[in-house]
Every structure is written in C-alpha cells, then in structure tokens.
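Counting convention: from 1, in listed order, for ligands and their atoms alike. We count residues from 1, following the sequence as given. Given the structure is predicted, the values throughout are model-derived calculations rather than measurements. Both backbone and side-chain heavy atoms feed into the values below; hydrogens, waters and symmetry mates do not.
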Amino acid sequence: MKKMKALVKKYAKPGLWLDEVGIPDVGVNDVLIKIKKTSICGTDIHIYKWDDWAKKTIPVPMVTGHEYVGTVEAFGSNVQDVKIGELVSGEGHIVCGHCRNCRAGRRHLCNATKGVGVNRPGCFAEYLCIPVSNVWHCDPSIPSDIFSIFDPFGNATHTALFFDVLGEDVLITGAGPIGIMAAAIAKHAGARFVVITDLNEYRLGIAKKIGVTRAVNIAKESLHTVMKELNMKEGFDVGLEMSGNPKALESMISIMCHGGKIALLGILPSNAAINWETVVFNGLNIKGIYGREMFETWYKMQSMIQTGLDISAVITHRFLYSSYLEGFELMASGNSGKIILDWENIN
Ligand code: NAD
Ligand code: ZN
C-alpha cells in the first residue's frame with residue numbers, strides 16, 4: 001500500500017504525532033485531494049490536548065484536521081464534474097442523505113452528520129478523500145491561503161448573515177478568528193456599528209486591523225460607555241455570540257434592544273444559565289448556528305471575497321507541516337489568529 005505523511009491522533013493521550021499512514025482508497029463517488037495548505041482550528045486544539053470532549057468523540061488512531069485547500073489528484077468512476085489538478089476545498093460535514101432534512105435540501109441540519117477529522121480521517125495529511133458532493137470548486141483568482149480557512153470563514157458567514165445586518169448595530173462577543181471574520185462580514189454587509197469584545201489584546205488588535213467600529217477589552221471598558229460614545233440609544237440590534245463564555249452571553253442579553261436578535265455559534269457549557277426574564281420581557285430572538293449551509297454559505301463566502309471582503313489579516317502565522325507542534329502550541333496560547341500549515345513542500 002502507498003503511504004503518505006499525516007498528523008495522527010495515534011494514542012488516547014495529549015499530543016499529535018507525525019506518522020506515515022496508507023493513502024485513502026477512492027470510492028466510486030469520491031474525490032482524492034492532494035493537500036496544499038491546512039489551517040488549525042480550535043477543535044484541533046481540543047483533540048491535541050485530549051480534553052473530555054475529545055476523549056468521548058475521537059476514534060484512535062485517526063488522521064485529524066478539517067480546514068484545507070488542495071488540488072484534485074484522482075476521482076471515482078461515478079464522478080463527473082471535477083477536473084484533475086483543479087483547486088478545491090470541501091465541506092467538512094458529511095451528511096447522511098436520507099433523513100428528513102437532507103431530503104428537503106437542508107443538509108446543514110442533518111441529524112447523522114459525520115465530521116472530517118472528527119469522526120472520520122481528516123486533512124492534516126498529503127491526501128484527503130471525500131465524497132464529490134462535499135467538494136467546493138475554488139475560484140483560482142482568490143489566494144489559496146484564503147480557501148484554507150473557508151471552513152471557519154463559513155461558520156462566521158453563516159452566523160453573521162443569519163439576521164439582516166444592513167444599517168443595524170452589531171455586537172460580537174469573542175474576537176477569536178471566527179468573531180473577527182464575522183466582524184468583517186457584518187461591515188461588508190452594511191452594518192452601521194460593529195462592536196467586538198474580548199479580553200485578549202492581541203486578538204482585539206487584529207479586529208482593529210479588520211476595521212471594526214470599536215474593539216472593546218471588557219476587563220477595562222464597559223459596553224454601556226461604548227454605547228454612549230457611539231450615541232446609541234436602545235441597545236444592539238444583532239448579537240453574534242462567538243466566545244462560548246456564559247458571561248459574554250449574559251452581558252449580550254442585557255444590552256440588546258427590545259426585539260433584538262442573537263445568533264449563537266460559541267459552544268457554551270451545557271449548564272450555562274441566562275436571564276430568561278430579559279429574553280421573554282424584551283422579546284429577544286435566539287438562534288443556534290451549526291456549521292455552514294451547503295452550499296449557500298460557500299457561495300456567499302466566495303462572492304464576498306470576489307466583491308472586496310478582505311479577511312487576510314486574520315491569518316497571522318504560517319508553518320511547514322513538520323513544524324506543526326510549534327503551530328499547535330501557539331494556537332493554544334491564544335496569541336494568534338489563524339495558523340496555516342504548508343503541505344506543498346514535502347520532503
Ligand atoms: P476561540 O476560542 O479562538 O475564540 C474565542 C474568543 O473568545 C477568545 O479570543 C477568548 O479570549 C474570547 N473570550 C473568552 N471569554 C470572553 C468574554 N467573557 N467576553 C468576550 N470574549 C471572550 O474560538 P473560535 O475558533 O474563534 O470559535 C468561536 C466559538 O465558536 C468557539 O466557542 C468555538 O468552539 C465555536 N465554534 C462553533 C461552531 C459551530 O458550528 N457552532 C463551529 C466552530 C467553532
Ligand atoms: Zn441527514
């Protein structure tokens with residue numbers, strides 16, 4: 001069997017191992033992608049650290065990673081609409097195709113979805129094999145770095161565009177890579193003010209570069225003061241929770257206008273408590289967001305980049321795949337935006 005280099009969760013303990021594994025078999029409906037660039041996600045850090053979620057979710061051994069761009073190397077006999085050498089990325093949720101939502105075309109709501117690099121082999125490798133229905137055809141005039149972060153850019157897009165933001169005041173809690181990209185999207189989509197919060201100055205610095213109205217360190221400054229400075233009267237119209245921190249959601253709920261809309265992407269602890277009275281009396285609208293819409297979100301992402309949306313400042317570091325440990329440690333420290341691992345120069 002032909003072998004390839006891959007970052008493998010080899011043992012049920014903290015760490016990630018550069019190893020050699022078999023190149024995946026290509027089924028009749030599959031596309032084999034030669035990986036060019038991958039990027040590190042918070043989920044990969046959970047797997048690396050081997051926290052409780054990872055322990056109960058990740059099969060061992062398994063190749064990890066789900067954010068990537070590459071070129072088509074081979075495809076199965078049933079595949080017609082891809083070309084060898086074409087630049088592609090792909091949706092990381094492999095859906096069942098049979099459940100009610102799948103059959104209705106609402107694939108992002110599939111109840112049996114499987115995650116690339118979570119439930120099945122991932123992209124931190126020389127090759128990745130996925131069903132053709134998950135392939136995204138990349139516009140080659142867009143830099144491949146940008147496509148390597150399309151997966152989290154998609155989370156940001158799905159969340160930021162769920163509610164109409166044109167002319168609205170938007171509050172984003174959490175200036176992680178996804179919060180920062182959501183801020184750029186909200187501006188691009190015509191929001192009046194985009195205010196983002198975090199405790200991490202490095203990340204607030206990236207948010208400033210991307211052009212937010214205000215990047216607020218909530219350890220130092222209150223949102224009420226910011227509202228006054230901006231001459232806002234009634235609270236934020238749209239809230240995007242992107243920190244996963246219950247305190248952030250609580251403060252968001254308290255500062256929304258009546259009838260305000262909140263999209264929740266951040267994964268809150270299951271016992272997180274909120275002030276339900278405010279939700280009810282102020283008529284708030286709260287929507288959970290998971291993944292990306294297939295493929296409406298992907299379409300919007302590519303169109304927004306084509307029409308001038310610039311998210312490049314969120315990419316802060318690049319490493320060769322073999323220096324992955326440096327990349328993982330840096331990502332875990334919080335002092336980075338997106339970190340790209342380069343798989344093009346394999347030796
Ligand atoms: P991240 O962990 O890199 O960023 C979260 C940021 O929130 C950090 O910068 C942190 O300093 C900040 N933060 C912590 N407490 C805060 C507080 N009280 N107020 C304001 N900011 C605070 O995560 P990310 O990769 O940008 O992803 C954002 C969130 O979305 C995470 O919770 C992640 O697990 C979740 N996520 C959900 C989906 C989904 O499909 N629902 C997909 C991807 C990521
Ligand atoms: Zn399904």
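With waters neither drawn nor counted, the protein N/O/S atoms under 2.8 Å from the Zn ion (ligand 2) amount to 4.
At a threshold of 4.0 Å, the pair Asp237-Arg192 does not count as salt-bridged, since none of the basic side-chain nitrogens sits closer than that to a carboxylate oxygen. In this structure, Glu221 pairs ionically with Arg214, as a charged nitrogen and a carboxylate oxygen lie closer than 4.0 Å.
The two residues Arg103 and His98 have their closest heavy-atom pair at CD-O, 3.2 Å. When all heavy atoms are compared, the tightest approach of Lys49 to Ala332 is CE-CB, 4.0 Å.
Looking at residues two or more places apart in sequence or on another chain, you find no ring-ring contact (aromatic ring centres under 6.0 Å, His included) involving Phe193. With sequence neighbours excluded, no residue satisfies ring-ring contact (aromatic ring centres under 6.0 Å, His included) with Phe124.
Using modelled atom types, one finds no donor on one side chain facing an acceptor on the other under 3.5 Å when comparing Ser144 with Lys36.
Within 4.0 Å of ligand 1, counting heavy atoms only, the contacting residues are Asn155, Gly174, Gly176, Pro177, Ile178, Thr197, Asp198, Leu199, Arg203, Ile218, Met242, Ser243, Gly244, Asn245, Ala248, Leu265, Gly266, Ile267, Ile289, Tyr290, Gly291.
The distance between the ring centers of Trp50 and Tyr11 does not fall below 6.0 angstrom.
Each of Arg107, Arg292, Lys114 was compared with Glu91 under the salt bridge (Lys or Arg N to Asp or Glu O under 4.0 Å) criterion, and only Arg292 meets it.
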